[in-house]
Amino acid sequence: MTDFRFQADSLTCSGIPLDQIGNQYGTPVFIYSAQVLERNISVLKSAFETRGIHVSYAMKANSNIAILEMMQRAGFGVDIVSGGELYLAQAAGFEGNDISFAGMGKTRREMEAALEANVAQFNVESAFELEMLNEAATKSGKRPEILLRLNPDIDAQTHPKITTGLRENKFGMPPEEVFQHFVDREKYPSLDFTGIHCHIGSQILKPLPFMDLVDYLVNYTGNLGKAGARLTKVDLGGGFGVDYKTPFRDILETTPFLGEIAEYASEKLGHYQLYIQPGRVLVANTAILLTQVIGLKHNDLKTFIVVDGAMTDMLRPSLYGAYHALIPTRKRSGKMTVDVVGPVCETGDYFAHDREISTVLPNDFIALGSAGAYGYVMASTYNARPFAPEILIQTDGTVKTIRKRQTYADFLALNS
Ligand SMILES: Cc1ncc(COP(=O)(O)O)c(C=O)c1O
């Protein structure tokens with residue numbers, strides 16, 4: 001199921017021409033399809049929840065309140081990594097019991113806020129965090145559940161900047177250290193050691209790394225059990241990838257292996273309460289970033305299409321060299337090979353290099369695909385560029401602004 005499609009040579013969402021939205025709301029603008037999000041939610045539910053694996057949405061991928069509310073209404077939990085995310089999750093209606101707190105550098109203040117909120121579990125990543133959390137928990141008179149994040153040294157076969165489960169990465173703890181903490185758990189009387197957490201990376205497009213992770217954990221948790229640990233929970237993290245080349249395809253076409261992984265995990269580890277923490281796969285294909293062509297310039301080597309969207313709206317190409325499809329919203333004949341760049345004063349401000357796209361003219365609109373994950377949440381106001389608005393096309397076809405464009409006056413709001 002896709003909701004973004006060409007109708008009469010014009011790219012639409014739920015039948016509404018994107019050009020119309022661009023003209024009405026201005027650009028750059030993020031445009032979301034509620035239909036696609038509902039579809040993704042239902043696929044994740046039937047792949048995982050029906051097999052007893054609880055989905056905890058990793059809200060770092062997209063923390064707009066309207067999106068969070070849809071996840072909450074779906075019955076998903078939420079995975080947070082900061083005090084700010086805790087605040088937003090609660091604002092969207094998640095209860096403490098729905099929230100797991102990950103993150104490898106939680107501050108004392110963030111721990112206290114999460115204890116106050118009675119979050120369901122803390123995923124702990126270091127010895128110093130055990131000490132700090134035990135102290136904070138003792139002071140609060142609470143005994144939170146903790147899962148230790150284990151770094152299994154499994155290659156997720158993804159981009160180096162989004163690989164997290166290798167020994168050289170900063171995330172989690174080596175298996176021997178996690179084991180020792182379980183053995184020494186009496187040292188932390190205010191912490192209830194209930195499980196293991198892993199997250200091996202992001203944008204993983206093959207099932208094998210997840211199968212390897214499950215196999216690894218079968219063995220590892222078995223050994224922990226023999227050593228006397230009473231484990232009840234295993235959190236397998238997120239990381240399910242999407243196809244950035246074809247952004248308007250259904251989740252089951254781009255990420256067909258969700259059921260296979262769920263089946264394997266529940267078969268091998270189903271004696272534990274299992275969790276996953278997907279972010280990207282739930283939201284990436286729900287949105288496009290619409291940007292307008294300001295002008296074209298040429299030199300002897302290249303043609304540059306200068307658009308009004310920039311790295312400040314979508315950082316991924318600049319940060320990771322990530323590929324995003326660029327689709328002119330109006331079909332014209334002919335093709336051109338171009339660099340698509342933003343107006344920011346950085347050479348790294350680009351959406352594509354040497355990309356063949358259909359012909360565009362000044363004032364045409366271009367949709368950047370798969371903009372729903374790690375898009376707005378990574379935006380900045382560099383060059384004093386306001387945050388773009390977010391528009392949701394609801395399932396009944398009505399258009400709702402779910403975040404307004406920042407104004408210049410907002411830039412001064414925090415000054416004293
Ligand atoms: C601990 C943890 N869980 C879940 C996720 C979500 O990953 P993804 O959006 O690839 O599913 C991340 C992403 O960085 C993470 O660090």
Side-chain angles (χ1 to χ4, degrees), residues 37 40-41 43-44 47-48 53-64 67-68 71 76-82 85-86 89 99-106 110 114 119-126 129 146-152 154 156-166 169-173 178 195-207 209-210 213 233-244 251 254-255 257-258 261-262 265 274-287 315-316 319-320 322 370-378:
L37 182 53
N40 295 351
I41 287 172
V43 167
L44 267 278
F48 291 98
I53 304 174
H54 191 48
V55 177
S56 210
Y57 168 57
M59 66 177 278
K60 60 171 74 74
N62 188 315
S63 53
N64 185 291
I67 304 289
L68 291 177
M71 302 294 184
F76 290 169
V78 67
D79 180 62
I80 63 166
V81 290
S82 71
E85 287 195 349
L86 173 63
I99 301 174
S100 58
F101 193 178
M104 45 95 50
K106 304 174 190 75
E110 288 174 323
V119 302
Q121 71 196 46
F122 288 82
N123 295 344
V124 172
E125 301 218 13
S126 62
E129 197 185 333
I146 62 153
L147 276 63
L148 293 188
R149 179 164 176 184
L150 184 157
N151 184 327
I154 289 176
Q157 298 170 29
T158 182
H159 190 285
K161 286 200 179 163
I162 46 178
T163 288
T164 56
L166 289 178
N169 302 137
K170 68 177 179 176
F171 298 99
M173 292 175 270
V178 168
I196 295 288
H197 167 227
C198 290
H199 170 77
I200 54 174
S202 206
Q203 184 51 11
I204 304 170
L205 282 165
K206 295 180 192 135
F210 292 105
L213 176 63
K233 296 182 172 180
V234 171
D235 187 333
L236 298 167
F240 311 112
V242 300
D243 185 358
Y244 281 93
I251 178 173
T254 60
T255 321
F257 51 81
L258 295 168
I261 293 167
L274 294 176
Y275 298 86
I276 52 157
Q277 315 168 313
R280 184 186 318 267
V281 78
L282 273 164
V283 285
N285 71 344
T286 64
L315 182 62
R316 298 188 71 257
L319 186 63
Y320 312 126
S370 317
Y374 305 105
Y376 190 99
V377 285
M378 286 189 177

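Below, each value reflects all heavy atoms present in this structure, side chains not excepted, and no hydrogens, waters or symmetry copies. One-based numbering, in listed order, for ligands and for the atoms of each.
Shown in contact with Gly279 at under 4.0 Å from a heavy atom are these atoms of ligand 1, numbered in order with element: 8 (P), 9 (O), 11 (O). Close approach of ligand 1 to Gly238 is summarised as follows: ligand atoms under 4.0 Å from at least one heavy atom of the residue are 4 (C), 11 (O). For ligand 1, the atoms sitting less than 4.0 Å from at least one non-hydrogen atom of Gly239 are 7 (O), 8 (P), 10 (O), 11 (O), numbered in the order shown with element in parentheses. Which parts of ligand 1 touch Ser202 is read off a 4.0 Å heavy-atom cut-off, strictly below it: atoms 7 (O), 8 (P), 9 (O), 10 (O). Residue Arg149 approaches ligand 1 through these ligand atoms, each under 4.0 Å from one of its heavy atoms: 1 (C).
In this structure, Lys106 satisfies the cation-pi test against Phe101, with its NZ or CZ atom closer than 6.0 Å to the six-membered ring centre and inside 45 degrees of the ring normal.
Heavy-atom distances between Tyr374 and ligand 1 reach below 4.0 Å in at least one pair. Within the 4.0 Å heavy-atom shell around ligand 1 one does not find Ala61.
The salt bridge (Lys or Arg N to Asp or Glu O under 4.0 Å) test applied to Glu110 returns no partner, not counting sequence neighbours. The side chain to side chain donor-acceptor pair (under 3.5 Å) search around Gln277 returns Asp79, His197, Asp235, not counting sequence neighbours.
Contacts between Gln277 and ligand 1 below 4.0 angstrom, taking non-hydrogen atoms only, involve backbone and side chain alike.
The structure places CG of Leu282 at 9.5 Å from CZ of Phe240, a figure rounded to the nearest 0.5 Å. Atoms CZ and CG, on Phe76 and Leu44 in that order, are 5.0 Å from each other to the nearest 0.5 Å.
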